[in-house]
Amino acid sequence: MSNRTIYLDHAATTPTDEEVLREMLPYFSDAFGNASSPHREGRRAVATVDAAREKVAQAIGASPAEIYFTSGGTESDNWAITGVAEAYREKGRHILSSAIEHPAVLKALSRLESRGYEVTYLPVDREGYVSVERAIRAMRNDTVLVTIMTANNEVGSIQPIREIFSAAHERGIVTHTDAVQAIGAIPIDVKALGADLLSLSAHKFYGPKGVGALYLRKGIKIKGLIVGGEQERSLRAGTYNTPAIVGLGAAIERATASLEENAARLLDLKTRFITGLKEIPFTAVNGGSNALAGTVNVTFSGVRNSELLFALDREGIAASSGSACSSGSIEPSHVLTAMGLTKEEVGSSVRFSFGKENTVEDVTATLDAIKGILSRLREGKDLFLQKKSNRYEG
Ligand SMILES: *Cc1c(COP(=O)(O)O)cnc(C)c1O
């Protein structure tokens, strides 16, 4: 057992950068003003929040007036979907989405379904991509919103949203994307993507938890979700979490500045990892080539993912199944299921998501640990595995 954790769960959350934390700290104490107060401390807080707003806007090619601070990706997704659905209620009640969205999107949609909206969930192919043609065919006269994620959190697949959103705009349909996994990982420009709304969350790119933003293109209507004070042009009430907002601004600035360098490093780690995995029998990597550089989803046939994760954890390696985990048991991934994996394959799949503090040594140590654990967990299963090895090389 090693004393240092090899953290390979960056798609779940990342540590806050020390630099980012340092920028946040004064706003808990010396500069604690409420941005809604009519005095110098209040004005200072407004200036601070607006500086962060400028950084978020800059990072995604938006203007500051189009950025609304929220409590994170979940709130941004909930707000975008319910807020647009309600604002365009008279125009139609149909929404187009995909089967592999994050629960923050899927559960907001199912709540709308119970209120009389209709949702089409586009299927994905074996590699986890929605089809542009299918998406276009599913657009209707009463479609008011298309919401499709930029990149998936379980397998990293980057979706063809540019093409889909352009077709949506030709039909006057509003477009939203959950870009929570994409920010800091791939270049994001809201205009180039054709996104009318975009969700992001600081803790996925080395910022603090509990803060995010919703980009809302000028001219797009939305109904507020959280009501009360007049913050955020009366669309999102609540006293500003100034330290967290400062952290978001600092983190997104750093993430976009180091994006290329970081992505190249992650791709190198991922390539080494996949090369090593190929030597392990009955092991398959899920997903396609147009994917996030840091995310690898792997099926280890004949092994339960919960057992593998537990054994890895004991050796100081933190990975995840990528899907919801409650009271020790792992729920079958809706993403892998939508990709056509069998129930058994889904239950044997693990997500490894690399981050900027990982090294080549981490990859080697993880591969060694996996080999050792698999030889124990798969003991006596060789014949069984060979019989069903049609999908697995090795
Ligand atoms: C993490 C995540 C969210 C939720 O963001 P929070 O800030 O944790 O609420 C939403 N969508 C995707 C794709 C995510 O990875």
Side-chain angles (χ1 to χ4, degrees), residues 7-16 20 56 60 67-83 97-111 121 124 128-130 147-159 161 176-186 188 193 195 197-215 225-226 236 238 241 244-245 247-249 251-252 255 266 287 291-297 318-326 331 333-336 338-339 351-355:
Y7 184 77
L8 301 177
D9 200 13
H10 294 82
T13 194
T14 57
T16 301
V20 170
V56 175
I60 61 170
I67 303 299
Y68 296 79
F69 291 115
T70 67
S71 66
T74 299
E75 185 190 326
S76 294
D77 285 343
N78 271 255
W79 182 23
I81 290 162
T82 47
S97 188
S98 87
I100 59 161
E101 298 298 312
H102 188 274
V105 166
L106 292 177
K107 292 196 178 165
L109 289 172
S110 71
R111 181 180 281 180
Y121 299 92
V124 292
Y129 300 105
V130 299
T147 173
I148 297 178
M149 68 202 322
T150 314
N152 181 263
N153 47 300
E154 292 190 34
V155 297
S157 52
I158 298 170
Q159 302 302 323
I161 56 171
H176 165 252
T177 190
D178 173 341
V180 173
Q181 290 288 329
I183 300 286
I186 55 172
I188 293 293
L193 285 177
L197 298 99
L198 177 144
S199 304
L200 59 89
S201 173
H203 77 98
K204 302 291 174 88
F205 48 84
Y206 304 92
K209 293 167 183 51
V211 64
L214 181 65
Y215 157 77
L225 187 68
I226 296 181
R236 203 287 188 175
N241 185 352
I245 289 170
L248 167 59
I252 203 164
L266 293 184
L292 299 177
T295 308
V296 191
N297 193 298
S320 152
S321 73
S323 62
C325 185
S326 54
E331 293 201 11
S333 155
H334 68 285
V335 175
L336 299 177
M339 286 164 63
R351 177 188 68 190
F352 302 88
S353 46
F354 295 93

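Atoms within each ligand, like the ligands themselves, are counted from 1 in listed order. Computed over heavy atoms, backbone and side chain alike; hydrogens, waters and symmetry mates excluded.
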Starting from [atom], which protein heavy atom do you reach first, and at what distance in Å?
| atom | result |
| --- | --- |
| atom 11 (N) of ligand 1 | Asp178 OD2, 2.6 Å |
| atom 7 (O) of ligand 1 | Ser201 OG, 2.6 Å |
| atom 2 (C) of ligand 1 | Lys204 NZ, 2.6 Å |
| atom 3 (C) of ligand 1 | His102 NE2, 3.5 Å |
| atom 4 (C) of ligand 1 | Thr74 OG1, 3.6 Å |

Short side-chain donor-acceptor distance under 3.5 Å, Ser323 and His334: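 Result is no, nothing qualifies.
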Validation row: Ile186, Thr150 side chains within 4.5 angstrom (heavy atoms):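 A side-chain contact exists here, since the closest heavy-atom pair is under 4.5 Å.
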Closer than 3.5 angstrom, by distance alone: can the side chain of [X] be matched with the main-chain N or O of [Y] as a donor-acceptor pair?
| X | Y | answer |
| --- | --- | --- |
| Ser199 | Leu214 | no |
| Gln181 | Ala11 | yes |
| Thr147 | Ser97 | no |
| His10 | Ser353 | yes |

Would you mind running through ligand 1 and noting each atom that sits below 4.0 Å from a heavy atom of [X]?
| X | result |
| --- | --- |
| Gly72 | 7 (O) |
| Asp77 | 10 (C), 11 (N) |
| Gly73 | 5 (O), 6 (P), 7 (O), 9 (O) |
| His203 | 6 (P), 7 (O), 8 (O) |

Asn153 contact mode with ligand 1 (heavy-atom cut-off under 4.0 Å):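 The side chain, only.
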Structural part of Lys209 in contact with ligand 1, heavy atom criterion under 4.0 angstrom: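 For Lys209, no heavy atom sits under 4.0 Å from ligand 1.
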Heavy atoms of other groups near Lys209 NZ, more than 12 under 6.0 Å: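 Correct, the count exceeds 12.
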Residue that, paired with Val105, satisfies side-chain contact (heavy atoms from CB on, under 4.5 Å) out of Thr74, Asp77, Asn78: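 Checked Thr74, Asp77, Asn78 against Val105; only one passes side-chain contact (heavy atoms from CB on, under 4.5 Å): Asp77.
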